[in-house]
Amino acid sequence: MGEMDWTTITEEEVINKVVGWQDLDNSYRRRGKSPFLARYQLESVAFVASEEVRCWKCGASVREYGVGFHLIPEDSAKNEIWRIMSFAEVNETAVFTEAFLEYLKDNYSIKPRYSKTMRAEYLSLGCAYCDALFGDAIVYCNVDNRGKGISGRGAEENKLLLWFDLPRLADRKYRTFDELCNKTFYADVHPHRIRREGEHPVGKSMPVWGAIPRSMA
């Protein structure tokens with residue numbers, strides 16, 4: 001498989017496209033509100049893996065990963081949310097332990113990489129074979145229609161996502177999740193794409209969460 005045409009885009013262009021393409025989020029931005037000011041129950045937080053896709057640079061078979069949140073609304077008129085977020089943005093609020101970060105690096109090639117587009121280093125997905133960076137805007141937000149496994153249009157919208165439960169972040173009380181979930185890089189997916197695989201074994205071998213959001217303590 002040949003290398004894709006990977007046109008460089010600026011940080012401002014990335015943010016503009018993310019905001020424009022996240023329809024649910026965009027509607028709340030226009031009204032100055034977040035959907036997560038409503039109260040939800042955190043039914044599950046998970047390590048999520050896509051079906052195999054091709055690395056944009058070397059063509060190797062790889063997977064995309066994210067942190068999944070299944071939220072059940074207190075108001076029955078609202079829909080459940082299956083949100084898959086970037087590791088970098090989750091780690092800003094619900095901090096991962098050093099042991100778990102090392103585990104992600106060794107087993108899934110999730111580690112800090114420098115992004116020329118964002119002009120910064122961040123905890124990112126990448127190819128385990130050539131170490132090419134998979135940008136959060138593309139993986140979770142389908143910027144420039146480049147999403148392959150988690151986000152995307154057409155056939156990508158029906159690809160399975162494997163859902164492995166991680167240790168809980170909060171009890172099952174209804175609460176707001178604005179601090180944790182109102183971020184930039186995420187994909188809200190239809191539940192038909194989710195295949196629940198039980199607990200991720202890492203939860204039994206090491207602590208995952210080093211800190212939790214104040215609103216969830």
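For clarity, every value in this text was computed on a predicted model and none was experimentally measured. Along the sequence shown, residues are numbered consecutively beginning with 1.
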- Task: May I have all residue pairs that pass salt bridge (Lys or Arg N to Asp or Glu O under 4.0 Å) and include part of residues 160-174, sequence neighbours excluded?
- Result: D165-R196, D171-R175

Which heavy atom of [X] sits nearest to which heavy atom of [Y], and what is that distance?
X	Y	value
W209	P167	NE1-O, 2.9 Å
K159	K148	NZ-O, 3.0 Å
A187	Y140	CB-O, 3.3 Å
C127	S109	O-OG, 3.7 Å
K78	A38	CE-CB, 3.8 Å
G66	I150	N-CD1, 4.1 Å

- Task: Quick one: do F134 and V62 satisfy side chain to side chain contact (heavy atoms under 4.5 Å, CB included)? Show the steps, please.
- Result: CA-CA 11 Å; F134 301 161; V62 294; 3.9 Å; yes

Okay, side chain of [X], backbone of [Y]: is any donor-acceptor separation there less than 3.5 Å?
X	Y	result
E74	R39	no
Q41	I72	no
N142	G147	yes

- Task: In sequence, state the C-alpha distance, the side-chain angles, and the governing distance for V143 and F185, and then conclude on side chain to side chain contact (heavy atoms under 4.5 Å, CB included).
- Result: CA-CA 10 Å; V143 163; F185 301 113; over 6 Å; no

- Can you find a heavy atom in the side chain of I84 that is under 4.5 Å from one in the side chain of V67? no

- Message: Taking the side chain as everything from C-beta on, heavy atoms only, tell me whether L180 gets closer than 4.5 Å to L169.
- Response: yes

- Task: Using side chain to side chain contact (heavy atoms under 4.5 Å, CB included) as the criterion, list what pairs up with S124, not counting sequence neighbours.
- Result: R113, Y122, L133

- Query: Do other residues, nucleotides or ligands put more than 12 heavy atoms under 6.0 Å from Y174 OH?
  - Reply: yes

- Query: Heavy-atom count around E92 CD within 6.0 Å, excluding the residue itself: above 12?
  - Reply: yes

- Message: Is the distance between the ring centroids of F177 and Y40 under 6.0 Å?
- Response: no

- Query: Is the ring centre of F69 less than 6.0 Å from the ring centre of Y186?
  - Reply: no

- Supply the atom-to-atom distance I81 CD1 to L71 CG, rounded to the nearest 0.5 angstrom. 5.5 Å

- Are V95 and F87 joined in one hydrophobic group, where the rule is that I, L, V, M, F, W and Y side chains link up if heavy atoms are under 4.5 Å apart? no

- Message: Membership question, hydrophobic clusters at under 4.5 Å side-chain separation (ILVMFWY): are L125 and L160 in the same one?
- Response: no

- Message: Please tell me whether T93 and K183 have a donor and an acceptor in their side chains that are separated by less than 3.5 angstrom.
- Response: yes

